[in-house]
> 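Sharing a structure with you now.
Lettering of chains follows the sequences in order, A, B, ..., and the numbering in each one begins at 1.
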Amino acid sequence: MKYEHKEIEKKWQKYWEENKTFKTPEFDELDKNKPKYYVLDMFPYPSGEGLHVGHPEGYTATDIIARYKRMNGFNVLHPMGWDAFGLQTEQYAVKTGTHPKIRTEECINRFRTQLKQIGFSYDWDREVNTTDEKYYKWTQWIFLKMFNSYFDEKENKAKPISELEIPDNISPQEINKYIDSQRLAYIADEPVNWCPELGTVLANEEVPEQIEKGYTVVRRPMRQWKLRITKYSERLLNDLELVDWPKNIKELQINWIGRSEGAIVKFKIKKNKQDIINPLKDISEYIEVFTTRPDTLFGATYMVLAPEHPLVKEITSEENITSVNNYIENTLKKSELERTELKEKTGVFTGAYAVNPVNDKEIPVLISDYVLMSYGTGAIMSVPGHDKRDMEFALKFNLEIIPVVIPSEFKDKAFKVIADEKKGEIIVSGQGMQEIKDTTDLEKYFEDVKNGRTCFTEEGYSVNSGFITGLKTKAASDRMIKWLEENNSGKRSINYKLRDWLFSRQRYWGEPVPILHLEDGTVKSLDESELPLTLPDIESYKPTGTGESPLASVANWVNTYDKETGLIAKRETNTMPQWAGSCWYYLRFIDPHNDNIFCEKDAEKYWMPVDQYIGGSEHAVLHLLYSRFWHKVLYDLGYVTHNEPFQKLFNQGMILGEDGVKMSKSRGNVINPDAVIEQFGADSMRLFEMFMGPLEATKPWSTEGIAGMNRFLNRVWRLIIDERTGNLKDIICDSEPEKKSQKILHQTIKKVTEDIEDGDMKFNTSIAQLMIMVNELYKHKKLYKEVLEKFLLLIYPFTPHITEELWTRLGNVPSIQNTEWPRYDEELAKADMITVAFSVNGKVRSKAEIEFDTDEHTLEQMAFDDEKIIKHIMGKNIIKIIIVKNKMVNIVAK
RNA sequence: GCCGAAAUGGCGGAAUUGGUAGACGCACUGGACUCAAAAUCCAGCGAGACCUAAAUCUCGUAAGGGUUCGACUCCCUUUUUCGGCACCA
């Protein structure tokens, strides 16, 4: 009887389902004395195309871990669900008129069937679906928690809005406005990323991907919901140290958060050379700039504002109004892409001047689109000598360049250093130096900077900079900040690139935002008891294009009233972005059917954090940053007990087509997992995906490769089953295994155990060892049941179906899952005989088989007795002998 | 441009507290079995030198240099590929 993968796989999948083999007991019934292990996949978006071979790669790895951990006595949580809100389904609805709910269900059913075919050991009773009302009720609930919270700067954490202190100087009319301005979820009326083709706005994090897909993204002012993720910049950055994540993902988040240290400097403004604007009463007396190089302040020769800067209109002088307005208009017309494209710098003069606080020098104020309103203060001081962009701009507009930093190698030529016992070093300018060194290259450097031939942007020593001249960049910056603070002209400041999260979408297929807009103009949240706020049925899913969601047209849904006050109200018609549901799904898996709370606290405390999280790196700054943020809010409010959700993260690599390029329909190189399973079986596919190489590597698919895996499983089958009779092979016996079999077995246990335990996800070497063991057993005349059983246990996490079958055929009771993982004996796992290399001058000249742990002296003797070695050292002087036990002997001879 | 990862046979890959380079699989070649094929089994398989074989030797882990008795592994320089960011002041 041959190995019939189809029959066997169907049989065991049915068995597992009927017996709920992989069910994680409810929290009440759980044996809490056992250690826990939460192993999670990034749940998929169930697209219409179904699963592709990339999905099962990570899922197989987590499945191996889950099965292994269960065998090692852990309570394992290994769930699966659906991230099912999304534009693709909605676009399909627009095209076909099919309700997204129906389409979503179809896709989910397809995905579920496919996943079950691969034999993953999920606890399907915990399946979640982000589009299910029972699920998104809690997504909305968490949103309300954010709406009803503020960020306490002193304690660096979120707190309920009821604890917000209202400053004394706020009038009663303004209180609501003040409260609204502090909420973690708030409405902002600012330029946003508008995508006309999709008919919706996008988060900053989403823009690059959509542009790559060929969509356009323009900046457009709109009233939008935002989440105050920027308040968590520092914690999101610092807490990366607490988690075991790949370096590159941490790096991506660090870059995205983009912390930079520096100072804010206040510049007084003159509308023209004579007047100072409203010096006493107006707050626009100053314009603030952010700089990371306060040490270069003496080199600031002009100031540039972003065209959208609110003070531009105020400071522009009469004669410059036309050109300034034209420029602003042109900028606003540009898309985000055009705006950030590197091109020749443009800009116009406002007619105003700023006063440099350190030397009272008047410098012109210009506007240019290379300064972004969204970063820092939207204004910069320009130091063209030491900033490339400023240099480029200065050369084009013929602005002054002053060198204020020199590279370290010029230090001795520029300064004379006199040691002083009390004050350390006193620096005297180069002009007064007694021993004048050749300073021509220093002078050339100054000339080059002034002429724009050189732009030195690195750290060095300050020159031409008054009280900081002679100081190293770091010290000069500190000294400057101190001066600014003493003179009320600025302060130390830390800036982040991270922006608040644009959280609303003008689409139908998302969680409705549970907010009412009352007739008196106030904004009010629904009561928790009113959740879920469900999506109404609708005529057309088409985006309106006006920036309003299709929900706006459902009058009987939109128009309502406030139960508390009786005021007429309109519902918020924006929905939440796709990322919302995935921000907390890992918590719902812990307690998926609870109607009273999103996740019961004791259960949360037991299961969290996720011990191992596996998914693609495309979520590095989207899902992984957003969910960390939500988790921290929930942590601050006391709903979860851990600061970070995902302790250990691993990114699987991409699987390419057989031609070595990314799989795509247009290239026709897409591999369909259904066809692979049909031909070779799920076990072969699982085994092959793990054998292709380390999990994180990007590697091409190979049909011939998977045929090889199938061949191997056939070999495993025939090792135990006699194909002619269908019975066990005659050479299998019950007696105590002899040493040769024990040896290979224990070596294999050791290798596989260590490979799974070390977390490197290099299962290719475990499989190689399993193959070596099979090859070895084929050479044996006698097979021992015990050895075969342990072999099955070892390969079980990789290929569960065939092993369940062989396990029962060897006379055992299913499921093999309930058997303990085998232990190895270190002594038995050691090799008896080992090959050592004898080399002369580092070149291997001979080898010998010897007993393991043969002592150094014997090794040396053997080397000198070796004929080939004698040949190579004859007539030479022995200079040195290096002996490494169990490895080699090297003789150095001349 | 900046940051990160990587480069080993025909292919996927293995080997690092520095110690036999190429485990394991694929492809390929030869043989056995067969009327034949498939399947299976056995053997070979980095390049080169000597007519052939064995033996032996030389070269070989992107390129060049260095440290060392000994380097895929450590250090410096360069090239290429992939991923990310990109006027972030």
Side-chain angles (χ1 to χ4, degrees), chain A residues 2 208 246-256 258-260 262 289-293 296 304 306 339-343 345 368-372 374-383 386-390 392-393 457 495-499 617-618 620-621 651 653-654 658 660 687-688 691-694 696-709 711-712 714-715 718 723 762 764-772 774-775 778 834-848 868 871 879-894:
Chain A
K2 281 189 155 182
K247 216 174 117 197
N248 65 317
I249 297 293
K250 285 192 183 184
E251 203 68 37
L252 289 175
Q253 292 214 348
I254 289 167
N255 289 340
W256 192 261
R259 181 182 195 273
S260 38
V289 303
F290 173 74
T291 177
T292 52
R293 290 291 296 271
T296 63
V304 187
R339 175 100 183 247
T340 54
E341 219 168 47
L342 288 170
K343 41 149 178 46
K345 301 241 177 316
S368 171
D369 64 0
Y370 85 90
V371 175
L372 309 172
S374 55
Y375 184 76
T377 61
I380 61 161
M381 64 177 211
S382 275
V383 184
H386 305 286
D387 183 289
K388 271 192 185 151
R389 298 149 303 176
D390 295 347
E392 215 183 298
F393 193 76
T457 57
N495 231 297
Y496 295 93
K497 261 162 66 178
L498 185 67
R499 303 275 60 103
S617 58
E618 67 272 20
V621 293
N651 290 122
M654 215 188 343
E658 292 216 67
L687 198 64
F688 178 60
F691 188 67
M692 288 195 296
E696 80 264 21
T698 301
K699 52 227 168 233
W701 183 262
S702 157
T703 300
E704 277 159 350
I706 190 166
M709 290 305 109
R711 208 142 52 216
F712 169 66
N714 270 292
R715 258 169 87 74
R718 291 194 310 269
E723 280 194 313
K762 292 183 174 180
N764 51 333
T765 55
S766 318
I767 297 166
Q769 179 62 36
L770 291 164
M771 288 171 170
I772 291 169
V774 169
N775 291 345
Y778 260 96
I834 204 157
T835 311
V836 287
F838 300 140
S839 48
V840 178
N841 294 333
K843 276 187 180 150
V844 179
R845 298 297 178 182
S846 183
K847 293 175 188 179
K868 290 171 201 156
K871 214 171 86 190
I879 294 167
K880 205 170 171 184
I881 301 159
I882 295 113
I883 304 160
V884 182
K885 214 170 166 182
N886 295 327
K887 297 275 185 191
M888 47 74 70
V889 176
N890 185 24
I891 299 163
V892 185
K894 261 185 185 166

> Please classify the nucleic acid contact of A:G258 as base, sugar-phosphate, or nothing, using heavy-atom distances under 4.0 Å.
nothing

> For nucleotides B:A38 and B:A27, find the distance between their P atoms and express it as a whole number of Å.
13 Å

> What distance, rounded to whole Å, do you find between the two C1' atoms, one in B:G12 and one in B:A23?
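These two C1' atoms come out 13 Å apart once rounded.
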
> Please state the C1' separation for the pair B:G44 and B:C26 - nearest whole angstrom.
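Straight-line distance between the two C1' atoms is 16 Å.
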
> Taking atom P of B:A89 as reference, at what distance in whole Å does atom CG of A:D369 sit?
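Between P of B:A89 and CG of A:D369: 18 Å.
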
> Suppose we define a pair by two distances each less than 3.5 Å, Watson-Crick or G-U wobble; what does B:C45 pair with here?
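Its partner is none (no Watson-Crick or G-U wobble pair with both distances under 3.5 Å).
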
> Going by heavy atoms in the side chains, are A:P246 and A:E696 under 4.5 Å from each other?
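Result no, sub-4.5 Å side-chain heavy-atom pair not found.
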
> Hunt down the Watson-Crick or G-U wobble partner of B:A7, both distances under 3.5 Å, from any strand shown, or write none.
B:U79

> For A:S839, answer base if it contacts any base atom (sugar-phosphate contacts may also be present), sugar-phosphate if it contacts only those atoms, and nothing otherwise; contact means non-hydrogen atoms under 4.0 Å.
nothing

> Compare the minimum distances between each of B:A15, B:U40, B:C85 and the side chain of A:T765, then state the nucleotide with the smallest one.
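Per side-chain heavy atoms of A:T765, the pick is B:A15.
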
> Should B:G1 form a Watson-Crick or G-U wobble pair with both distances under 3.5 Å, which nucleotide is its partner?
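Per the H-bond distance test, B:C85.
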
> May I ask you to decide if A:A893's main-chain N or O and A:N841's side chain share a donor-acceptor pair within less than 3.5 Å?
yes

> Just checking A:T835: base, sugar-phosphate only, or nothing, at a heavy-atom cut-off of under 4.0 Å?
base

> With heavy atoms under 4.0 Å as the rule, sort A:M709 into base, sugar-phosphate or nothing.
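Sugar-phosphate, backbone atoms only, no base.
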
> Could you please name the option among B:G4, B:G12, B:C24 that lies closest to any side-chain atom of A:E251?
B:G4

> Expressed as a whole number of angstroms, how long is the span from A:K868:NZ to B:U56:C1'?
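Interatomic distance, NZ of A:K868 to C1' of B:U56: 10 Å.
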
> Any chance NZ of A:K885 has more than 12 other-residue heavy atoms, nucleotides or ligands included, within less than 6.0 Å?
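Yes - once you tally the heavy atoms of other residues, nucleotides and ligands closer than 6.0 Å, there are more than 12.
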
> Could you tell me whether the phosphate oxygens of B:G25, OP1 or OP2, come under 4.0 Å of any side-chain nitrogen or oxygen in A:N775?
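Yes, because at least one side-chain N or O of A:N775 sits under 4.0 Å from OP1 or OP2 of B:G25.
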
> Contact class for A:M692 vs. all strands (heavy atom < 4.0 Å): base, sugar-phosphate, or nothing?
sugar-phosphate

> Between A:G378 and A:A707, which has a closest nucleotide on RNA chain B that is more 5'?
A:A707

> For nucleotides B:U78 and B:G22, find the distance between their C1' atoms and express it as a whole number of Å.
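Here B:U78 and B:G22 have their C1' atoms 27 Å from each other.
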
> Going through the checks in order, is the side-chain contact (heavy atoms from CB on, under 4.5 Å) test met by A:R293 and A:M381?
CA-CA 10 Å; A:R293 290 291 296 271; A:M381 64 177 211; 5.8 Å; no

> When the P atoms of B:A63 and B:U73 are considered, how many whole Å apart are they?
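Going atom to atom, P in each nucleotide, I get 11 Å.
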
> Could you check which of B:A14, B:C24, B:G4 has an atom nearest any side-chain atom of A:P694?
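For the A:P694 side chain, the nearest candidate turns out to be B:A14.
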
> Assign A:N495 to base, sugar-phosphate, or nothing according to its heavy-atom contacts below 4.0 angstrom with the strands shown.
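The answer is nothing, as A:N495 stays clear of every strand by at least 4.0 Å.
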
> Looking only at the side chain of A:K843 (C-beta and beyond, no hydrogens), which of the listed nucleotides B:C26, B:G19, B:C59 gets closest?
B:C59

> If we ignore hydrogens and angles and just use 3.5 Å, is the side chain of A:K345 paired with the main-chain N or O of A:D390 as donor and acceptor?
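Flag not set: sc A:K345 to bb A:D390 has no pair under 3.5 Å.
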
> Report the distance from atom OH of A:Y375 to atom P of B:A89, rounded to the nearest whole Å.
4 Å

> What's the closest nucleotide to the A:W256 side chain, out of B:C85, B:A89, B:G70?
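My answer, after comparing the listed nucleotides, is B:C85.
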
> If you look at every strand shown and take non-hydrogen atoms under 4.0 Å, does A:L252 touch a base, only sugar-phosphate, or nothing?
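A:L252: backbone/sugar contact only, no base atoms under 4.0 Å.
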
> With rounding to the closest Å, how many angstrom separate the C1' atoms on B:G60 and B:G9?
10 Å

> Hey, what do you get for CD1 (A:I772) to CD1 (A:I767), rounding to the nearest 0.5 Å?
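Those atoms lie 12.0 Å apart.
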
> Expressed as a whole number of angstroms, how long is the span from A:F688:CZ to B:G13:P?
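For the pair A:F688 CZ and B:G13 P, the rounded distance is 10 Å.
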
> Could you let me know what B:G12 is paired to, Watson-Crick or G-U wobble, both distances under 3.5 Å, or none if it's on its own?
B:C24

> Quick one: is A:R715 getting a side-chain N or O under 4.0 Å of the B:U40 phosphate, OP1 or OP2?
no

> Measure the spacing between OG of A:S839 and CG of A:N890 and express it to the nearest 0.5 Å.
3.5 Å

> Expressed as a whole number of angstroms, how long is the span from A:N714:CG to B:A39:C1'?
9 Å

> Relative to the 5' end of RNA chain B, which residue comes earlier, A:G705 or A:K871, by the nucleotide with the nearest heavy atom?
A:G705

> Can you check the A:K887 NZ to B:G19 C1' distance for me, whole Å?
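For the pair A:K887 NZ and B:G19 C1', the rounded distance is 7 Å.
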
> Would you indicate what A:K847 reaches in the nucleic acid, counting non-hydrogen atoms under 4.0 angstrom: base, sugar-phosphate, or nothing?
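Base, at least one base heavy atom under 4.0 Å.
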
> Is there a Watson-Crick or G-U wobble partner for B:A38 with both distances under 3.5 Å, and if so, which one is it?
none

> Measure across A:Y375 and A:R499 and return the closest heavy-atom pair with its distance rounded to 0.1 Å.
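Smallest heavy-atom distance, with atoms named: CA-NH1, 3.9 Å.
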
> Take the angle between the ring planes of A:F688 and A:W701 and call it parallel below 30°, perpendicular above 60°, tilted in between.
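Geometry flag for A:W701 against A:F688: perpendicular rings.
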
> Can you tell me the pairing partner of B:A55 across any strand shown, Watson-Crick or G-U wobble, with both distances under 3.5 angstrom?
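When the pairing criteria are applied, nothing turns out to pair with B:A55, so the answer is none.
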
> For the C1' atoms, the ones on B:C41 and on B:A53, what distance do you get once it is rounded to whole angstrom?
27 Å

> Choosing from B:C69, B:G12, B:G25, which nucleotide comes nearest the side chain of A:M771?
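Nearest nucleotide to the side chain: B:G25.
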
> What nucleic acid atoms does A:R845 come within less than 4.0 Å of, heavy atoms only: base, sugar-phosphate, or nothing?
sugar-phosphate

> Please report, rounded to the nearest Å, how far the P atom of B:A86 is from the OH atom of A:Y370.
19 Å

> Quick one: is A:R718 getting a side-chain N or O under 4.0 Å of the B:C41 phosphate, OP1 or OP2?
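Looking at the OP1 and OP2 atoms of B:C41, one of them is under 4.0 Å from a side-chain N or O of A:R718.
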
> So, does the side chain of A:K388 form a donor-acceptor pair with the base of B:C87 at under 3.5 Å?
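Not at all, since no donor on one side and acceptor on the other fall under 3.5 Å apart.
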
> For the P atoms, the ones on B:G31 and on B:A21, what distance do you get once it is rounded to whole angstrom?
33 Å

> Any idea if B:G31 is syn or anti, going by the 90°-from-0 cut?
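B:G31: anti glycosidic orientation.
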
> Could you check whether A:R499 gets within reach of a base, just the sugar-phosphate, or nothing at all, counting any heavy atom under 4.0 Å?
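The answer is nothing, as A:R499 stays clear of every strand by at least 4.0 Å.
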
> May I have the distance from A:I772 (atom CD1) to B:A14 (atom P), rounded to whole angstrom?
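The distance from CD1 of A:I772 to P of B:A14 comes to 14 Å, rounded to the nearest Å.
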
> Check every atom of B:A14, B:G19, B:U58 against the side chain of A:N764 and return the nucleotide holding the closest atom.
B:A14

